[in-house]
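See structure below.
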Amino acid sequence: VLCRSIVLVAVLVAARGSLAAVELAVGAHTLSNGLRVLLHEDHSAPVVASYIFYRSGSRNEQRGQTGIAHLFEHMMFNGGRRFGPGAFDDLIEGNGGSTNGFTTRDLTAYLNKFPSDALPLVLDLESDRMASLAITQQNLEQERGIVMEERRLRIDNEVTGAMDEALYLHAFVESPYRWNPVGFMADLRRITLAEAKAYFHTYYAPNNAILVLAGDFESEAALALVRRHSGKIPRREPPPPVTAAEPPQEGVRRIEVLKEAELAAVLVGYQGVRAPAADRPVLDVVEQILGGGESSRLFLDLVRGHEVASGVDANNAWGIDPDLFAIYAKARPGKTAADLEQRIDQVTGRLGSARVSSEELTKAKNQLRAHFVRSLKTVSGKANQLGYCEVVFGDHRALLGLEDGWEAVEAADVERVVAAYLRPDRRTVIALVPPSRVEDRS
Amino acid sequence: VRVLALLLVLGGVAHAADEFELPPITRTVFDNGLRVVVAEQRELPLVGFYLLIGAGAAQDPAGDEGLAALTAATLTRGTVEHSAEELAEKIESLGGSLQASAGTDGTVVVGEFLAKDYVAGLDLLRQVMREPALESDEVRRAREEQEAEIVAALERPATIADVCFAGFLYGAHPYGRPVTGHVGSVTTLKRDDVYNFYARFYRPNNAILVLVGRVEPQEAIDRLRQAFGTWEARPDAIPSRAGAPASVPRRRILLVDKPNATQAQIRLGNVAMERANPDYLAATVGNTILGGGFTSRLIEELRVKRSLTYGAWSQFVARLTGGDFQLGTFTKNETTVETLGVTFDVLDGFRKAPPQAKELEKARAYLRGQFALKLERPEDLAARLADVEFYGLPADELATYRGRVAAVTSDQVEAVVRRYMAASDAVAVVVVGKADDIRVPLEVKYGPIVMTPAESCWTLYGPGDYPAL
């Protein structure tokens, strides 16, 4: 567990992004029970966003229990000792707020967006469910059915969801990133009440959580409220560390997904790096050069030049553990996954063998910087980014270092990193082959 | 909080919390008819443009469905000065964005640039709006991408359900047609079609331009006048529009077969109201109780009590000359008929029993509380400001919103629910799912149903086009 301390630490960081002129003053505190608290005041509107991040996502799951982190996220809305079933949603909405949660491979997050005068209530509700969630068979059965519908929606009846699940399953052998956070249907069917209780006990402790507030409040008063509501929840043993490490990929893994679809598509994944790694900002720049908009290399080649694709995308996924760099392309009618793959190889090959111009490099950096500013448009966006960095980078201050990380990337880094990571001999290719077009493969 | 809200209703006095502080807003109309709104929002180093053209898919000529969408898609692919690739390069080098997309009643061109680059961004917007190249080869490319998009939509059950529902409800009315058109109509579209649509409708007297961000309002208006003050108006730019759509007199059910689906998508509803209808606000409150947020009656009955679904909602889709009220959800094949039945019961129960005081209070608090949060992003504020102009709403629509929500009464909600939320025996219903599993139980419970392949929802424009209706 990162950044835990038994003494109360208060740090005020007022850093300034070097170019985008974004300022984000953050007060960081650690309560005596280990709860990490990040506070960012923003008085531009009478609203507050609260996020609680638990350092527990699907990477913390065991085989046979995949999906439990996400299933648990659902169970967190069904009442604690003081606020019974339904009270959480009722009180939040009845006070003008909205509430939700999400689960990723690295973390589970709970968010509320509300008028600032509801802050005491929200902190009370959050502390109740952290301290004393009601974990009942009825609650489990209710959410089990709902989550199975969510899986049918996002994976089983959605071709891009099915391809994404397949990519991670085959690009990783040992890393717990390999399964989708929604879990396998068979595991969702069988997870038991005892397992759910054990999960809560292991992961939902104050010393495994980060509370982030952004918006219209006074920090001192807010911190006093947090301490009053959550300061006495006892700390627990830190959860066991995730020790699984992915062996290097040797060779190409190629999977054909036979799924009802109108157009062929391909998703290519390369094993990447941890988010805090030195090469991560370089891969971010590569992502923009390859897939950032209609002047990107993949768009110009696959969509405009060779007219094989109707859409392309590149994504360098950030994670606590090494994640994937992925390229997606959707075919035009009449084109095959092989057509797409061939062009992707040409484009990535060229990027690894010839230096990018300074204009292209600057464009990529400007795009990353603009995305960064856009992610901070709302108090919710700010709280989300701060908490995310605290979990994934181990320090929320990483947020304000992101721009400098991109700025430092040089053309030679791009060439080196593409050659090192985007290797045609070490990748996983997921080809979507519509069954009615199976004959197209030959 | 609850006490204050109660006092507010009883006393009819605006509590301080209801005086929502909008950023300073300046409105003006240029001599050529262009309506301009500038909101000075200084929190972020960004400037957003939102330009609304009053013509969309509803103005597609018969047989040329998809033309408004194609025109929008071609608009940003090159200008007199820059090729498509140069233009994309210029925009993206600034970390900016500039996109056009057609809707049903209008077309929206949105752009966003860092505040330090906004003058350059504004010039790119000017070029795109006033000097687009609309070259034949770019029309061809945009057309082929649109065809691929139409085909790809058949992979998404939720999209199929939405398209089929619109057609099945509105029939031949323009609100029943998909914005993209269908493959047959798009294939024959030519450069001249695009040019003519652009030349007629993309005119200042048929446009609203909103700018939101870190700007000095007067300086911004001067710059906008330089860029758009000499844009030429055209008398026939403002389109004539179809009248109000007709409602469905009695229940009819369309089943769209997806043989490999493990989950069915459900949509149902009937024609309701136009956006400028004075009942819209009370309708919004009623809709929140029935199917908005996480504590609605639909969520309670379908998700919380029965685990039938992950999502259930209702909404008023309110357009310029009419609209609909619709409910949506999805469930596994085996529980499709059960889910449809519960949805019917919830709808009918809401019509019969007025909302309880607690429900009403919660809905009002929710809408009032979320209002400021929904205007945080510059593009959201811009869209709401453009709506005020486009739908002819009162100029103080946003400033008075919270106070007006607080004043909505139980009687008003009850009246709009009965009037605009059709009972379950008078709705169009669309189910997209595996017919082998669903068809028989559906017919046993609800009588004869209509079936059609998914792709035909893109081409059926009238009740007479549907088999056995």
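From a predicted model like this one, the values you see are computed outputs, not experimental measurements.
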Check against salt bridge (charged side-chain N to carboxylate O under 4.0 Å, His left out), B/Glu376 and A/Lys113: CA-CA 12 Å; B/Glu376 263 191 292; A/Lys113 301 185 269 186; over 6 Å; no
Going from [atom1] on [X] to [atom2] on [Y], what distance comes out if it is rounded to the nearest 0.5 angstrom?
| X | Y | atom1 | atom2 | value |
| --- | --- | --- | --- | --- |
| B/Tyr366 | A/Ser98 | OH | OG | 5.5 Å |
| B/Ser97 | A/Arg374 | OG | CZ | 4.5 Å |
| B/Leu114 | A/Asn366 | CG | CG | 7.5 Å |
| B/Arg306 | A/Ile146 | CZ | CD1 | 12.5 Å |
| A/Leu258 | B/Asn260 | CG | CG | 11.0 Å |
| B/Gln146 | A/Ser310 | CD | OG | 12.5 Å |

Chain B heavy atoms under 4.5 Å from [X]: which part of the residue, side chain, backbone, both or neither?
| X | answer |
| --- | --- |
| A/Val379 | both |
| A/Gln138 | neither |
| A/Arg154 | side chain |
| A/Thr160 | neither |
| A/His371 | neither |

Can you tell me which of [options] forms the most heavy-atom pairs within a distance under 4.5 Å of chain B?
| options | value |
| --- | --- |
| A/Ser380, A/Ala370, A/Gly86, A/Ser44 | A/Ser44 |
| A/Asp42, A/Leu121, A/Leu153 | A/Leu153 |
| A/Glu360, A/Lys330, A/Glu150, A/Glu294 | A/Glu150 |
| A/Gly292, A/Gly97, A/Ala331 | A/Gly97 |

Top contributor to chain A interface from B/Lys90, B/Arg140, B/Glu300, B/Arg42 [non-hydrogen pairs under 4.5 Å]: B/Arg140
Choice from B/Arg141, B/Glu145, B/Glu147 maximising heavy atom contacts with chain A below 4.5 Å: B/Arg141
Proximity breakdown for [X] and chain A, heavy-atom pairs closer than 4.5 Å:
| X | value |
| --- | --- |
| B/Glu455 | neither |
| B/Leu46 | side chain |
| B/Glu112 | both |
| B/Leu367 | neither |
| B/Thr331 | both |

Closest heavy-atom contact between [X] and [Y]?
| X | Y | answer |
| --- | --- | --- |
| A/Pro115 | B/Gly369 | CG-CA, 3.7 Å |
| A/Leu263 | B/Ala148 | CD1-O, 3.6 Å |
| A/Phe114 | B/Leu373 | N-CD1, 3.7 Å |
| B/Arg377 | A/Thr378 | CG-CG2, 3.4 Å |

Check whether [X] reaches the backbone of [Y] with its side chain - one donor and one acceptor, N or O, closer than 3.5 Å.
| X | Y | value |
| --- | --- | --- |
| A/Asn157 | B/Thr262 | yes |
| B/Glu92 | A/Ser295 | yes |
| A/Gln367 | B/Ser93 | no |

Ion pair B/Glu155/A/Lys259, N-O distance below 4.0 Å: no
Electrostatic pair B/Glu43:A/Lys377 at N-O distance under 4.0 angstrom: no
Residues which pass side chain to side chain contact (heavy atoms under 4.5 Å, CB included) with B/Glu85, listed by chain and number, not counting sequence neighbours: A/Leu300, A/Arg304, B/Ser83
Side-chain donor-acceptor pair present, A/Glu149, B/Tyr310, cut-off under 3.5 Å: no
